[in-house]
Amino acid sequence: MRRIDHVGIAVPDLDEALAFYEKTFGLVAEHEEVNEEQGVREAMLVPADGDPGTARLQLLAPLRPDSAIGKFLDRSGPGIQQMAYTVDDVDETSAELRAKGLRLLYDAPRRGTAGSRINFVHPKDAGGVLVELVEPGGLDHSSDF
Ligand code: MC0
């Protein structure tokens, strides 16, 4: 693991959550996108005048009730849904974790935020925390939004 990439928070309404985080904590969106496959509309937030290398806060709103975020909201309500780590090579890290006996959710990495490649460790194998592995894409978040 290189660093904490982002912490993902499930929210019912992305626009309301964006307004709340900006007004309350001074966090602003540097990137926003819809990921149909994951069933989310999401935004990556940073402190307005913060350290550019800081970990991001990700707000995740469901596109459909039967999506991962829709189910999470139903079961637990809004709150922290995932902890994401930056890795150099998601295939390699996934293989290492599988070899340690952890269940990875996907056989092969899928597309994440801003062209990243992602996989997840099942929360039951990681102390009750859904762990996301993120191999960053080539896209600069800020130019994308
Ligand atoms: C479920 N459980 C969790 C959990 N989700 N525990 C901690 N954190 C979570 N987020 C627990 C349940 O409470 C249950 O515990 C057990 O895991 C099995 O639940 P399940 O019925 O299988 O739950 P499902 O159907 O909701 O599936 C959970 C699973 C799913 C993690 C497999 O959410 C999934 O596939 N997630 C990966 C994709 C994802 O999260 N996409 C949205 C973010 P008990 O004790 O009751 O048995 S997209 C994203 O993040 C991208 C855009 C990006 O960053 O680039």
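Atoms considered below: every heavy atom in the structure, side chains included; atoms not considered: hydrogens, waters and symmetry mates. Please read all numbers here as calculations on a predicted model, not as lab measurements. Counting convention: from 1, in listed order, for ligands and their atoms alike.
- The heavy atom nearest to atom 49 (C) of ligand 1, out of those in H122, Q82, K71, is found in Q82.
- Atom CG of D66 has more than 12 neighbouring heavy atoms from other residues, nucleotides or ligands inside a 6.0 Å radius.
- In terms of protein heavy-atom proximity, atom 7 (C) of ligand 1 is closest to G128 O, 3.2 Å.
- Shortest contact from atom 53 (C) of ligand 1 to any protein heavy atom: E132 OE2, 3.1 Å.
- With respect to R56 and D5, no salt bridge is recorded, no charged nitrogen being found less than 4.0 Å from a carboxylate O.
- When D5, D66, L105 are checked for heavy-atom proximity to atom 29 (C) of ligand 1, L105 turns out nearest.
- At a distance under 4.0 Å, a protein heavy atom can be found next to atom 33 (O) of ligand 1.
- Heavy-atom proximity to G112, at under 4.0 Å, picks out these atoms of ligand 1: 55 (O).
- Protein heavy atoms are absent from the space less than 4.0 angstrom from atom 22 (O) of ligand 1.
- We find that R64 and E36 are joined by a salt bridge, their nearest charged nitrogen and carboxylate oxygen being less than 4.0 Å apart.
- The ligand atoms of ligand 1 that sit less than 4.0 angstrom from a heavy atom of A68 are 33 (O), 39 (C), 40 (O), 41 (N).
- The shortest separation from a heavy atom of H6 to ligand 1 is under 4.0 Å, placing the residue in contact.
- Of the polar atoms of K124, at least one N or O is found under 3.5 Å from an N or O of ligand 1, judged by distance alone.
- Listed for the T24 side chain is no donor-acceptor partner under 3.5 Å among the backbone atoms of Y21.
- The residues E32 and R41 are annotated as salt-bridged, a charged nitrogen and a carboxylate oxygen being separated by less than 4.0 angstrom.
- For CZ of R2, the number of neighbouring non-hydrogen atoms (other residues, nucleotides, ligands) closer than 6.0 Å is 12 at most.
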Q: Evaluate side-chain hydrogen bond (donor to acceptor under 3.5 Å, both in side chains) for E42 paired with T113, printing each intermediate quantity in order.
A: CA-CA 8 Å; E42 50 120 343; T113 304; 2.7 Å; yes
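- Protein heavy atom closest to atom 28 (C) of ligand 1, with residue, atom name and distance, is R75 NH2, 4.7 Å.
- When the options P123, A84, S76 are ranked by their closest heavy atom to atom 2 (N) of ligand 1, first place goes to P123.
- In the candidate list E42, R56, Q38, R103, Q38 is nearest to atom 38 (C) of ligand 1, counting heavy atoms.
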Side-chain donor-acceptor contacts of residues 74-84 below 3.5 Å, not counting sequence neighbours, with atom names and distances?
{"unit_1": "Q82", "atom_1": "OE1", "unit_2": "H6", "atom_2": "NE2", "d": "3.0"}

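- Between Q81 and ligand 1, at least one pair of N/O atoms sits closer than 3.5 Å.
- Looking only at heavy atoms of the protein, atom 55 (O) of ligand 1 is closest to T113 N, 2.8 Å.
- In summary, of the residues considered (R110, R117, R111), a salt bridge (charged side-chain N to carboxylate O under 4.0 Å, His left out) with E135 occurs for R117 alone.
- In this structure, the side chain of N119 does not engage the main chain of P109 through any donor-acceptor pair within 3.5 Å.
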